[in-house]
Q: 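I am attaching a structure below and will ask some questions about it afterwards.
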2 protein chains.
Amino acid sequence: MKGIRQLAEHLAISIGTVSRALNGKPDVNEETRRRVLAAAEALGYVANQSGRSLRQGETRVIGLMIESSAEAVENADNFFLGVTSGLQSVFARHKLDLVMLPCPSDEDPHEYLKRMVARRIVDAMIISNTQRIDRRIGFLSRAEIPFVAVGRSLSASNSRWIDLDFEGVADRAVERLVARGHRRIAITAPLSEVNLGYVFVESYRRALERHGIRFDPSLVIRVKSSEQGGYQAAHELLLLPDRPTAIILIYELMAIGLYRRLMESGVMPGRDLAVIGFRDAPRARFLQPSLSCFRMSLYDLGIALGQMLLAHMPAYRVLYPNAGRNIIWPLELVSGESDAFEVGRGDKEFASEHWSK
Amino acid sequence: MKGIRQLAEHLAISIGTVSRALNGKPDVNEETRRRVLAAAEALGYVANQSGRSLRQGETRVIGLMIESSAEAVENADNFFLGVTSGLQSVFARHKLDLVMLPCPSDEDPHEYLKRMVARRIVDAMIISNTQRIDRRIGFLSRAEIPFVAVGRSLSASNSRWIDLDFEGVADRAVERLVARGHRRIAITAPLSEVNLGYVFVESYRRALERHGIRFDPSLVIRVKSSEQGGYQAAHELLLLPDRPTAIILIYELMAIGLYRRLMESGVMPGRDLAVIGFRDAPRARFLQPSLSCFRMSLYDLGIALGQMLLAHMPAYRVLYPNAGRNIIWPLELVSGESDAFEVGRGDKEFASEHWSK
DNA sequence: CTGAAAGCGCTTACAG
DNA sequence: CTGAAAGCGCTTACAG
């Protein structure tokens with residue numbers, strides 16, 4: 001089966017009618033439609049997307065841009081694959097297909113995005129790994145390409161994003177640790193300009209200050225967001241004068257390397273150092289002691305992203321009137337053993353007493 | 001900037017000449033070409049891919065089909081993202097773009113593939129997660145869509161694939177363990193019909209028999225290829241009568257759950273049970289004791305896949321005369337502590353003595 | 001070396 | 001309810 005012309009010929013009918021029947025237009029005789037549909041099915045006909053796209057000015061493809069740099073690969077977990085399922089469940093209802101666009105490591109993400117958009121491979125985009133200043137946002141806005149960002153950005157003055165609740169996580173982590181007597185609490189931050197690093201550290205700073213603890217920049221440990229980075233973070237932490245009694249990680253898998261390095265030095269997480277992770281991951285679930293961390297549903301996040309995107313595409317807007325502008329995505333604390341102890345000024349007993357009165 | 005017509009108007013030149021200049025056709029005045037290129041750059045013109053595709057009958061997009069089922073997400077690591085970089089380095093030379101096509105969990109992979117191909121979103125495909133019998137292979141062959149599979153299949157009688165060297169891995173793992181006195185060696189296998197499971201178990205069986213060890217089906221532990229599956233595998237192993245002294249894992253991250261379960265029972269990997277993993281992964285590198293496993297370069301695999309695919313696309317065939325049909329991809333053993341001990345008939349001393357003479 | 005024109009496979013006003 | 005025709009944005013024989 002080649003094209004619509006052959007199908008029409010086979011049915012002895014015009015291509016216009018075939019097209020209308022296939023696309024569910026109302027003004028087609030039901031018997032005709034039935035025959036067309038049956039023949040298309042039998043002959044395996046599916047409309048050539050290039051023809052449709054050219055005529056309609058849309059591709060019915062949504063792009064999810066991800067990074068495939070060496071570091072991204074090294075750190076990769078299932079985040080985007082998890083989100084993908086949720087996105088697809090929304091897009092499938094409108095016969096939109098999702099493709100993942102991996103930006104090569106040696107290409108500037110902004111240039112890559114421009115190329116993809118200009119080529120008109122997709123109708124709309126989901127971008128991620130948002131930078132503090134991100135030129136992609138202005139570009140997509142000016143080009144009038146509907147898009148949603150995973151992660152807020154200073155550049156996103158007038159565009160849509162969903163971001164994880166870094167403030168909430170930092171708040172609750174700090175509060176929990178302070179309640180257990182911790183005063184010197186370290187935190188990890190990414191090396192790159194990715195905006196979540198700024199947001200997370202700032203939230204941590206404010207949370208500390210609310211509890212009357214001075215922010216100490218030397219307790220912000222900048223490392224890669226990977227297992228390796230966790231190992232490095234533990235290494236740096238152990239070298240700090242007046243060693244912190246707790247650490248908050250920005251990425252759950254860092255706990256794997258962190259635990260390893262601590263144990264090499266005989267420092268026991270959950271006894272000598274409190275550790276709180278970020279998202280939970282299957283990998284981190286097998287850590288011993290189990291990791292206190294924050295949980296979320298990637299699938300639900302995907303659904304929210306998909307709905308928010310459709311809410312800003314002219315063709316679907318009316319169907320998603322309630323998909324608000326920006327969302328801070330909540331995470332739920334999962335209590336583990338990695339921070340299940342109390343510290344005091346001098347000894348652990350003091351902390352317990354102090355705490356119980 | 002809209003289309004080629006506007007660009008041509010702006011240059012006071014015909015669209016045909018603009019097109020030829022942009023596409024590097026030889027019969028264009030160099031001065032004209034320079035002007036066209038400069039104007040395109042200045043005005044941000046990039047050819048609309050739908051128009052090109054329709055006219056040329058090709059999209060210049062290559063698809064990499066991956067699974068996004070719940071289990072795939074759960075088990076996901078950086079395998080495909082790693083391969084992606086290598087693929088792109090090959091495709092970039094020919095201005096081909098790579099998109100990842102995630103098959104939704106609730107859609108049959110065969111139907112999904114048909115839809116993608118029929119819509120003509122891509123010119124060629126890389127498929128993965130090859131099943132023992134895989135209808136996608138016959139479909140792509142009949143449709144004359146160039147493709148390469150990651151993983152061999154019984155269906156691939158006349159098509160191209162690259163697969164990991166499961167035989168070599170099983171051989172060397174068994175040989176290494178037997179040399180250290182092990183006779184009861186367990187192995188994990190996937191629950192699904194994915195072909196690598198069959199290949200791996202069969203290679204293990206043959207390796208055992210070469211060493212005069214009878215194959216015992218009860219030592220093939222079928223679990224999910226994930227951390228959770230590793231936990232389950234350890235659980236089942238501990239319940240086996242006449243407990244095995246060694247286990248070979250088909251997926252490196254299983255070691256994380258396996259270690260956890262073993263340690264819960266006071267069984268120490270590397271002392272009470274020898275463990276050999278498959279590929280190494282950043283995650284598994286932090287295990288203690290360190291995991292003996294097999295290493296490979298995902299980037300190089302991506303390059304080989306890309307070249308093999310291009311070697312079977314009419315437009316590029318001549319450029320890749322040496323990209324053979326099928327490749328068994330070698331892996332290199334990385335010696336860790338997880339199998340660094342010897343066992344004997346009765347006690348460890350015997351084995352050492354036996355071994356040293 | 002350049003221009004004018006055909007046509008890739010569709011969808012969609014328009015006419016009947 | 002159906003058909004004939006235009007046209008989406010390109011590339012490419014063809015003529016000059």
Side-chain angles (χ1 to χ4, degrees), chain A residues 1-37 39-40 43-61 95 97 115 117-123 143 315, chain B residues 1-37 39-40 43-61 95 97 115 117-123 143 315:
Chain A
M1 174 51 46
K2 297 285 297 307
I4 197 171
R5 196 138 263 137
Q6 283 74 6
L7 183 57
E9 224 157 76
H10 174 260
L11 287 160
I13 205 178
S14 78
I15 59 165
T17 301
V18 170
S19 173
R20 282 190 294 266
L22 252 20
N23 289 299
K25 302 286 171 185
D27 52 353
V28 177
N29 180 300
E30 273 315 312
E31 169 59 14
T32 309
R33 188 193 305 280
R34 211 194 41 69
R35 285 182 56 225
V36 172
L37 256 30
L43 293 150
Y45 171 80
V46 178
N48 176 322
Q49 191 56 42
S50 295
R52 305 193 71 189
S53 297
L54 187 55
R55 173 62 220 238
Q56 300 192 300
E58 60 171 30
T59 62
R60 303 196 76 80
V61 176
K95 295 189 185 276
D97 279 310
R115 195 154 56 82
V117 167
R119 273 186 141 201
R120 245 138 297 186
I121 286 174
V122 300
D123 292 338
Chain B
M1 173 53 43
K2 297 284 297 308
I4 198 172
R5 194 139 265 135
Q6 282 74 6
L7 182 58
E9 224 159 76
H10 174 260
L11 286 160
I13 204 177
S14 79
I15 60 166
T17 301
V18 170
S19 174
R20 282 190 294 266
L22 252 21
N23 289 299
K25 302 286 172 187
D27 52 353
V28 177
N29 179 301
E30 273 315 313
E31 169 61 13
T32 309
R33 189 194 304 283
R34 213 193 40 70
R35 282 183 58 224
V36 172
L37 256 31
L43 293 149
Y45 170 80
V46 178
N48 177 322
Q49 191 56 42
S50 295
R52 307 193 69 189
S53 298
L54 187 55
R55 172 62 220 238
Q56 301 192 301
E58 60 170 30
T59 62
R60 303 196 75 82
V61 176
K95 294 189 185 276
D97 279 310
R115 194 154 57 80
V117 167
R119 273 186 141 199
R120 247 138 294 186
I121 286 174
V122 300
D123 292 338

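Numbered from 1 within each chain, the chains take letters A, B, ... in sequence-line order.
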Q: Would you indicate which nucleotide in dC10(C), dT11(D), dA13(D) comes nearest to any side-chain atom of I15(A)?
A: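 So the side chain of I15(A) is nearest to dC10(C).
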
Q: Could you check which nucleotide pairs with dA15(C) in any of the strands shown, counting Watson-Crick or G-U wobble with both distances under 3.5 Å?
A: dT2(D)

Q: Tell me if the side-chain of R120(B) makes a donor-acceptor pair with the base of dG9(C), cut-off 3.5 Å, by modelled atom types.
A: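 When only heavy-atom distances are counted, R120(B) does not reach the base of dG9(C) through any donor-acceptor pair under 3.5 Å.
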
Q: Picking from dA13(C), dG9(D), dC10(D), which would you name as closest to the side chain of L54(B)?
A: dG9(D)

Q: What's the separation between atom CG in N29(B) and atom CG in D27(B), rounded to the nearest 0.5 Å?
A: 11.0 Å

Q: In whole Å, what is the span from the CG atom of N23(A) to the P atom of dA13(C)?
A: 13 Å

Q: Among V28(A), V46(A), V36(A), find the one that has a side-chain contact (heavy atoms from CB on, under 4.5 Å) with L22(A).
A: V36(A)

Q: Side-chain N or O of K25(A) versus OP1/OP2 of dT12(C): is the shortest distance under 4.0 Å?
A: yes

Q: May I ask you to verify whether the side chain of R55(B) and the base of dG9(C) hold a donor-acceptor pair under 3.5 Å?
A: no

Q: Need one value for S50(A): base, sugar-phosphate or nothing, where a base atom within 4.0 Å counts as base even if backbone is also close, heavy atoms only.
A: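 Since no nucleic acid heavy atom lies under 4.0 Å of S50(A), the category is nothing.
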
Q: Relative to the 5' end of DNA chain C, which residue comes earlier, N29(B) or G51(A), by the nucleotide with the nearest heavy atom?
A: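 Looking at DNA chain C, the more 5' nearest nucleotide goes with N29(B).
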
Q: Within the 4.0 Å heavy-atom criterion, would you say S53(A) contacts the bases, only the backbone, or no part of the nucleic acid?
A: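 Nothing: the residue S53(A), judged by heavy atoms under 4.0 Å, touches no strand.
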
Q: Using the side-chain heavy atoms of T32(B), tell me which of these nucleotides is nearest: dT12(C), dT2(C), dC1(D).
A: dT2(C)

Q: Contact class for N48(B) vs. all strands (heavy atom < 4.0 Å): base, sugar-phosphate, or nothing?
A: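 Sugar-phosphate: the residue N48(B), judged by heavy atoms under 4.0 Å, touches backbone atoms but no base.
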
Q: In whole angstrom, what separates K95(B)'s NZ from dT11(D)'s P?
A: 13 Å

Q: I4(A) CD1 to dT2(D) C1': how many Å, rounded?
A: 14 Å

Q: With a 4.0 Å cut-off on heavy atoms, is G57(B) in touch with a base, just the backbone sugar-phosphate, or nothing at all?
A: nothing

Q: Kindly point out which of dC1(D), dT11(C), dT11(D) is positioned nearest to the side chain of Q56(A)?
A: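 Ranking dC1(D), dT11(C), dT11(D) by closest atom to the Q56(A) side chain puts dT11(C) first.
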
Q: Roughly how many Å is it from CZ in R20(A) to P in dA15(C), rounded to a whole number?
A: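 Taking CZ of R20(A) and P of dA15(C), I get 14 Å after rounding.
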
Q: Judged by atom type as modelled, is there a donor-acceptor pair below 3.5 Å linking the side chain of R33(A) to the main-chain atoms of A21(A)?
A: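 Yes; judged by distance alone, with no hydrogens or angles, the pair exists.
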
Q: Counting heavy atoms from C-beta on, name the nucleotide in dT2(C), dG3(D), dC1(D) closest to the side chain of S14(A).
A: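 The nucleotide sitting nearest to the side chain is dG3(D).
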
